[in-house]
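For reference, the structure discussed in these notes is given below.
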Amino acid sequence: MKKKIQKLILLIILLIPAFFLSACEGADLDLLELAFESWAEENGIYENGEYKPANMVEVAIDDFMGDITNSEESVQFDGIAVVRDIEKTDELIEDAWYDHDEDAISKAIGIRPTDWRLREQSDIFQLVERNFAAGFALESDKIIMNQVKNGADCVNLRLQQLKYRESTIEEHIQAHRNLDNVQEVQFETQEELQGIYATGHTPFCDGFK
Amino acid sequence: MSEAVQNPAPPRKKRGWCCAGCILIPLVSILCLASTYFVGPRVASWLGIFGKEADEVYEAAPDLAASQSLTDTFDQLGIPGVRVYVIPIKGKPTQGAFIILDASAGYRGMDPLNNNNKIFLQILQDITAKNRAENLRLDHITIDYRDENGDTATAFTADQDLVEKYADLQITQREFFAQIEIDVMYTLRYLGIEGILEELE
């Protein structure tokens, strides 16, 4: 039985370069094969021109344990799923603007509640679609303040937030040029941005010195 | 005399707790195992015994400027179908770079014209230079290879220290690859048994 399992694992190992062939549609094959070969040597799976399937079991167990204990590497790989969430929320935001559907933004926020960009989108949606500015950016400011408290660079983050706000409003304002609240938010955003460009400082960050 | 008297029906067996136990013990065991597997790590993570879940580690919005800067690296080299997300790491002053090489978005390899065998090194050198010049504070680079359907086919991850050693030519390409991490189990799962049989044919 043990022999059978070892044979199966050996088969799988031998097929990994072929996986890359089919999986990557011909892209970067030499690179991927070299990567796998070097990795297999380092992990004792490939030694002196021979594959050692028994050592693959050890790698698989390490991998499994890493998954359970959230090892650094395992979390980095799981980060790929987080990137997919980011892509999903970006799609929902696009749908929200296209269909004038506020619920799609709420769904996006439900997926990534601490992503300040989504809170900005929600408030800009209210502003541009309804000329509603009460409490504008309160939530995204709160998230950014939390990130700054945890060590993020305040001016850098604020600059990103303002530039994001400016470009998002600009992108969606075309049909709503005359909304006074939109113009007021735009003016304030541009004024603060000019201040940062000129002095490298913003009153928003005063509380964090 | 009636038949019933001649052949009295055997007394009906009382269903005891023993039988319920037979069902309950395996059921409880399965529930315990399942909760240990699914809930245990989350509790341990919450208590700080295990590492944090990725959802929490990368909960912040991507660093837009850093993401654009690294995406530009690929654009400038004429490599289509690549997006980069640089995401702050919770509780650390560093960020993780996720490079998405997406065949469904037009990615055809780092060197589609096959005329530059140093392109991989060049990309890592460019990323390293930007990391230093723009203070991107990269902790790791994770590469996600996606197929024509947009599914992850395989993935690699490397610490930024290792990337910089290779970019600075302190180690060879082979030494670099020996020390990266490959998500082998995911790659195997991606292909699945059907894929293995297809490859055999």
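Below, each value reflects all heavy atoms present in this structure, side chains not excepted, and no hydrogens, waters or symmetry copies. Letters A, B, ... mirror the listed sequences (proteins, then strands); counts begin at 1.
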Query raised in the report: Contact part of I89(B) toward chain A, heavy-atom cut-off under 4.5 Å: side chain, backbone, both or neither?
Result: neither
Query raised in the report: Using non-hydrogen atoms only, which part of Q76(A) is less than 4.5 Å away from chain B: side chain, backbone, both, or neither?
Result: both
Report summary line: So CD of E56(B) and CG of N70(A): to nearest 0.5 Å the spacing works out to 10.0 Å
Query - Under-4.0 Å salt bridge between E87(A) and R146(B) - result: yes
Query - Interatomic spacing from CG in D183(B) to OG in S74(A) - rounded to 0.5 Å - result: 8.0 Å
Query raised in the report: Taking side chain as C-beta onward, heavy atoms only, is D115(A) less than 4.5 Å from P62(B)?
Result: yes
Query raised in the report: Are the side chains of L32(A) and F156(B) in touch, meaning some heavy atoms are under 4.5 Å apart?
Result: yes
Query - Interchain contact, K92(B) with chain A, by part (heavy-atom threshold 4.5 Å) - result: side chain
Query raised in the report: Between V57(B), D63(B), D159(B), which residue shows the highest count of heavy-atom pairs closer than 4.5 Å to chain A?
Result: D63(B)
Report summary line: Across all chains, not counting sequence neighbours, the salt bridge (Lys or Arg N to Asp or Glu O under 4.0 Å) partners of E42(A) are none
Requested in this report: Would you mind checking which part of Y58(B) comes under 4.5 Å of any heavy atom in chain A, side chain (CB onward), backbone (N, CA, C, O), both or neither?
Outcome: both
Query - Exercise: identify the closest heavy-atom pair between Y164(A) and L64(B) - result: CD1-CD1, 3.6 Å
Report summary line: When the 4.5 angstrom heavy-atom criterion is applied to I86(A) and chain B, the contacting part is side chain
Query raised in the report: Does a side-chain heavy-atom distance below 4.5 Å link T154(B) with F36(A)?
Result: no
**Report entry** Contact class of T142(B) relative to chain A, heavy atoms under 4.5 angstrom
**Finding:** side chain
Query raised in the report: Rounded to the nearest 0.5 Å, what separation is found between the CD atom of Q179(B) and the CG atom of N43(A)?
Result: 11.0 Å
Query raised in the report: Heavy atoms, side chains only, cut-off 4.5 Å: are E181(B) and F77(A) in contact?
Result: yes
Query raised in the report: Can you tell if the side chain of V82(A) reaches within under 4.5 Å of the side chain of D55(B), non-hydrogen atoms only?
Result: yes
Query - Neighbour count above 12 (heavy atom, 6.0 Å) for I25(B) CD1 - result: no
Query raised in the report: Is any side-chain heavy atom of L34(A) closer than 4.5 Å to a side-chain heavy atom of Q173(B)?
Result: yes
Report task. With sequence neighbours excluded, tell me which residues meet side chain to side chain contact (heavy atoms under 4.5 Å, CB included) with D126(B). Result -> T73(B), K130(B)
Query - Minimum side-chain heavy-atom gap V83(A)-R83(B) below 4.5 Å - result: no
**Report entry** N/O donor-acceptor pair under 3.5 Å between R117(A) side chain and A61(B) backbone
**Finding:** no
Report summary line: Smallest heavy-atom separation, A155(B) atom then I80(A) atom, equals CB-CD1, 3.6 Å
Query raised in the report: Would the number of heavy atoms belonging to other residues, nucleotides or ligands and lying under 6.0 Å from OH of Y197(A) be above 12?
Result: yes
Query raised in the report: Can H140(B) and E73(A) be said to form a side-chain contact (heavy atoms from CB on, under 4.5 Å), step by step?
Result: CA-CA 9 Å; H140(B) 65 87; E73(A) 294 78 24; over 6 Å; no
**Report entry** Close side-chain approach of V75(A) to E53(B), heavy-atom, < 4.5 Å
**Finding:** no
